[in-house]
Amino acid sequence: MIRAQGLGKAYGQVPILAGVDLHITEGEWWGIIGPNGSGKSTLMQLLSGVESPTAGSVSLRGRELSSYNRKALARIAAVLQQEGLDPTDFTVREVLEMGRFPFLNWLGREDKDATPLIDAIIQKLDLGGFEERRLTELSGGQRQRVALGKVMVQEPSLLMLDEPTTYLDIRYQLQFMDMVAEWRNSSGITVISVLHDLNLAAQFCDKLLVLDQGKVAGVGKPEEVLTAEYIRQIFRVEPSIVTHPENGAPQVLLTANSTWS
Ligand SMILES: Nc1ncnc2c1ncn2[C@@H]1O[C@H](COP(=O)(O)OP(=O)(O)OP(=O)(O)O)[C@@H](O)[C@H]1O
């Protein structure tokens, strides 16, 4: 689905990301983890084409990312930022309709009627009853659900999420991840997500890519990457790694007063 080779980014003389190689195949869910400032968002910006690399290349479905025009790219890949949607005066339904932008012709119309699709997504995300509400009248968690709806309406094959659960309470974090998982199970989309919560990452992602100071420090299944040694080395905390009693995923427990610089 997406491949990066020797990918790098520098701002002026300052290297931010260097030598990133990855190959994500169709239907996989990858998590990008790493400390603050390690280059996670920068990597997402390069993979989504928002920023251009200063070294290496990205190819999407075998074609150089830079050769896609905006609409063609949006028909394959959708990006959901950490901030989600701004609280504007648009209604929920209007925002979802905007998600169909990549499919509009030059007259600003779409060949197929997207209303049934939008209705189905409203139901799926439990947004029935909110359709005519303005975004300014929703909570942050509700707005994030609308943001997810907007990218679902786009019907992408690749979904890129940059810390999508940062502003959500634990219930909404889990609900958000569950919804993405359900979407993936039903439609086979590929997902790449930057996640700070290692325990959620371990439960939802097939593979984790660890960034440290702009370089790939490890790639593997959660149980291969979330070891005490790795966590200690990368995050500089003393962790205890336990196995989740329900699903066997590695879970990181932290101990007070165990950080060092
Ligand atoms: N436009 C820019 N110009 C210069 N430096 C930048 C720019 N964007 C990011 N950086 C720097 O690049 C480094 C990586 O930033 P990035 O946002 O990719 O990290 P991150 O891993 O996503 O961090 P966080 O976990 O804090 O969100 C940081 O040191 C940041 O200051």
Side-chain angles (χ1 to χ4, degrees), residues 2-22 24 29-58 60 65-66 77-86 140-141 143-144 147-148 151 158-170 172-173 176-177 180 190-205 207-220 222 225-226 230-239 251-252 254 258-261:
I2 191 161
R3 190 189 283 269
Q5 282 172 311
L7 197 61
K9 180 79 179 172
Y11 287 105
Q13 294 301 307
V14 186
I16 302 296
L17 205 63
V20 176
D21 294 315
L22 58 81
I24 301 178
W29 185 338
W30 280 49
I32 299 173
I33 60 172
N36 285 144
S38 56
K40 302 180 296 297
S41 294
T42 304
L43 176 58
M44 286 298 261
Q45 285 165 355
L46 298 180
L47 294 178
S48 60
V50 171
E51 287 282 347
S52 308
T54 44
S57 62
V58 178
L60 180 67
L65 191 64
S66 55
V79 186
L80 181 53
Q81 300 291 345
Q82 178 179 5
E83 304 80 27
L85 295 166
D86 291 332
R143 265 207 313 277
Q144 193 64 340
L148 179 62
V151 289
L158 171 63
L159 175 65
M160 293 190 244
L161 307 166
D162 192 353
E163 294 179 32
T165 58
T166 305
Y167 299 118
L168 304 180
D169 72 28
I170 51 172
Y172 278 126
Q173 284 183 24
F176 184 92
M177 297 293 278
V180 173
T190 308
V191 185
I192 311 175
S193 52
V194 171
L195 292 166
H196 273 300
D197 189 320
L198 303 179
N199 293 337
L200 282 182
Q203 291 188 64
F204 284 92
C205 302
K207 292 251 183 80
L208 298 179
L209 181 141
V210 192
L211 281 180
D212 189 24
Q213 296 178 49
K215 300 214 170 71
V216 177
V219 183
V225 166
L226 294 179
Y230 248 124
I231 304 285
R232 200 181 291 129
Q233 184 189 320
I234 308 285
F235 290 95
R236 286 182 267 155
V237 297
E238 192 55 50
Q251 298 288 282
V252 182
L254 302 175
S258 74
T259 65
W260 63 89
S261 52

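Remember, it's 1-based here, ligands and their atoms both numbered in the order they're listed.
Between the side chains of Trp29 and Ser193, at least one donor N or O lies within less than 3.5 Å of an accepting N or O.
Taking only nitrogen or oxygen atoms, main chain and side chain alike, Gly37 reaches within less than 3.5 Å of ligand 1.
Near Pro35, meaning under 4.0 Å from any of its heavy atoms, are these atoms of ligand 1: 21 (O). Set against the non-hydrogen atoms of Glu163, the atoms of ligand 1 under 4.0 Å away are 25 (O), 27 (O). Listed by number with element, the atoms of ligand 1 under 4.0 angstrom from any heavy atom of His196 are 25 (O). Residue Ile16 has at least one heavy-atom neighbour below 4.0 Å for each of these atoms of ligand 1: 11 (C), 12 (O), 13 (C), 14 (C). When each atom of ligand 1 is checked for a heavy atom of Ser41 under 4.0 Å away, the hits are 17 (O), 18 (O), 20 (P), 22 (O).
When each of Val237, Asp197, Asn199 is paired with Val252, the side-chain contact (heavy atoms from CB on, under 4.5 Å) condition holds for Asn199 and for no other.
Nearest residue to atom 20 (P) of ligand 1 from Met44, Lys40, Lys9 is Lys40 (criterion: closest heavy atom).
Each salt bridge (charged side-chain N to carboxylate O under 4.0 Å, His left out) pair with one or both residues in residues 10-21, not counting sequence neighbours, would appear here, but there are none.
Nearest heavy-atom pair across Pro164 and Gln144 is O-NE2, 2.6 Å. When all heavy atoms of Gly140 and Leu168 are compared, the closest pair comes out as O-CD2, 4.3 Å.
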Anything under 3.5 Å between a donor and an acceptor, one on a side chain of residues 208-219, the other on a protein residue two or more places apart or in another chain? List them.
none

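Proximity of Gly34 to ligand 1 is not established, as no heavy-atom distance is less than 4.0 Å. Heavy atoms of Gly214 come nearer than 4.0 angstrom to ligand 1 in no pair at all.
Interatomic distance, CG of Leu195 versus NZ of Lys40, reported as 10.0 Å (0.5 Å rounding).
Within the 4.0 Å heavy-atom criterion, both parts of Asn36, backbone and side chain, lie near ligand 1.
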